[in-house]
Amino acid sequence: MGALDHISELFDFSSHKKHKKRKQLQTVEIKVKMDCEGCERKVRKAVEGMKGVTEVDVDPKQHKVTVIGYVEPKKVLKRVLRTGKKAEMWPYVPYDVVDHPYAPGVYDKKAPTGYVRNPMDDPRSTALARASSTEVKYSTAFSDENPNSCTVM
């Protein structure tokens, strides 16, 4: 290694910075207790001020805030909690996605119309709620409540 190579390394101003991993575009849904238009405005302002947010949709009837952007879900939840409102990640899925929407642990009276709790997120939900339709078909074929079980046997 010559003297010129050594000097050129000392005065090298090319960018050798580590590249940050870009955040992915995400849709974050949060359940927020909102009572009035003031609450709605407060939550909207808090979330719109975040870096990377492209769109904010507040639905006060369902108590739902939808944030679209290059953000992390935990940071959005923290920002909403800073407003003083009770908030959690959106725990509901459409009822037609779940195999057994009326099983204990899935059906929720407080859920918006057409939604039930996600049984895969809740470890306390019953095994029936998490069971696939084939498992239920075979387990109920031999149950005492099935009137045709004696013909199967």
Side-chain angles (χ1 to χ4, degrees), residues 8-147:
S8 67
E9 281 183 12
L10 290 174
F11 297 104
D12 186 17
F13 295 112
S14 62
S15 62
H16 291 292
K17 295 179 183 177
K18 294 181 180 178
H19 296 286
K20 287 186 177 180
K21 187 177 178 182
R22 283 198 58 167
K23 295 177 186 173
Q24 291 183 345
L25 183 68
Q26 293 187 2
T27 301
V28 181
E29 296 177 327
I30 299 175
K31 180 181 175 183
V32 183
K33 178 84 168 97
M34 294 180 282
D35 300 324
C36 60
E37 290 179 19
C39 299
E40 178 184 344
R41 210 178 6 232
K42 191 176 190 181
V43 170
R44 181 185 296 274
K45 271 189 152 185
V47 176
E48 281 179 344
M50 290 183 68
K51 183 179 176 183
V53 172
T54 56
E55 185 180 337
V56 177
D57 181 38
V58 179
D59 188 357
K61 288 184 180 179
Q62 289 188 348
H63 299 286
K64 182 178 183 180
V65 176
T66 305
V67 179
I68 300 172
Y70 300 95
V71 292
E72 293 179 30
K74 288 181 182 178
K75 288 185 178 181
V76 175
L77 182 63
K78 268 187 175 180
R79 180 67 70 99
V80 172
L81 287 171
R82 257 199 262 158
T83 63
K85 302 291 171 197
K86 185 177 177 183
E88 63 178 317
M89 296 306 283
W90 188 252
Y92 305 117
V93 294
Y95 76 94
D96 55 345
V97 175
V98 180
D99 289 325
H100 307 287
Y102 297 107
V106 176
Y107 182 73
D108 188 2
K109 291 179 185 177
K110 296 178 183 178
T113 307
Y115 287 94
V116 292
R117 286 203 172 268
N118 190 354
M120 299 306 164
D121 290 346
D122 190 12
R124 293 172 287 149
S125 62
T126 63
L128 176 66
R130 284 186 254 114
S132 68
S133 60
T134 54
E135 289 176 14
V136 174
K137 188 180 352 175
Y138 289 123
S139 64
T140 57
F142 299 104
S143 75
D144 292 335
E145 286 92 31
N146 185 358

Query - Nearest heavy-atom neighbours spanning V32 and A87 - result: CG2-CB, 4.1 Å
Report summary line: On a heavy-atom basis, the closest approach of W90 and H63 is CZ3-O, 4.0 Å
Requested in this report: Calculate, to the nearest 0.5 Å, the distance between atoms CD and NZ belonging to Q62 and K31 respectively.
Outcome: 11.0 Å
Query raised in the report: Short question: side chain of R79, backbone of A46 - any donor-acceptor pair under 3.5 Å?
Result: yes
Query raised in the report: Considering all heavy atoms of both residues, which atom of R44 and which atom of V56 are nearest to each other, and what is their separation?
Result: NH1-O, 3.3 Å
Requested in this report: Grab the two heavy atoms, one from D59 and one from M34, that are nearest each other, plus how far apart they are.
Outcome: O-CE, 4.1 Å
Requested in this report: Compare every heavy atom of K42 with every heavy atom of T83, then report the nearest pair and how far apart it is.
Outcome: O-NZ, 3.2 Å
**Report entry** Beyond-backbone contact of Q26 with I68, side-chain heavy atoms, under 4.5 angstrom
**Finding:** no
Query raised in the report: Do I30 and K64 pass the side-chain contact (heavy atoms from CB on, under 4.5 Å) test, and can you show the C-alpha distance, the side-chain angles, and the key distance before you say yes or no?
Result: CA-CA 6 Å; I30 299 175; K64 182 178 183 180; over 6 Å; no
Query raised in the report: How far apart are the closest heavy atoms of K33 and K85, and which atoms are they?
Result: O-CD, 3.6 Å
Query raised in the report: Below 4.5 Å, heavy atoms only, C-beta onward: do V67 and M50 meet side chain to side chain?
Result: no
Query raised in the report: Going by the angle between their ring planes, with limits at 30° and 60°, are Y115 and Y92 parallel, tilted or perpendicular?
Result: tilted
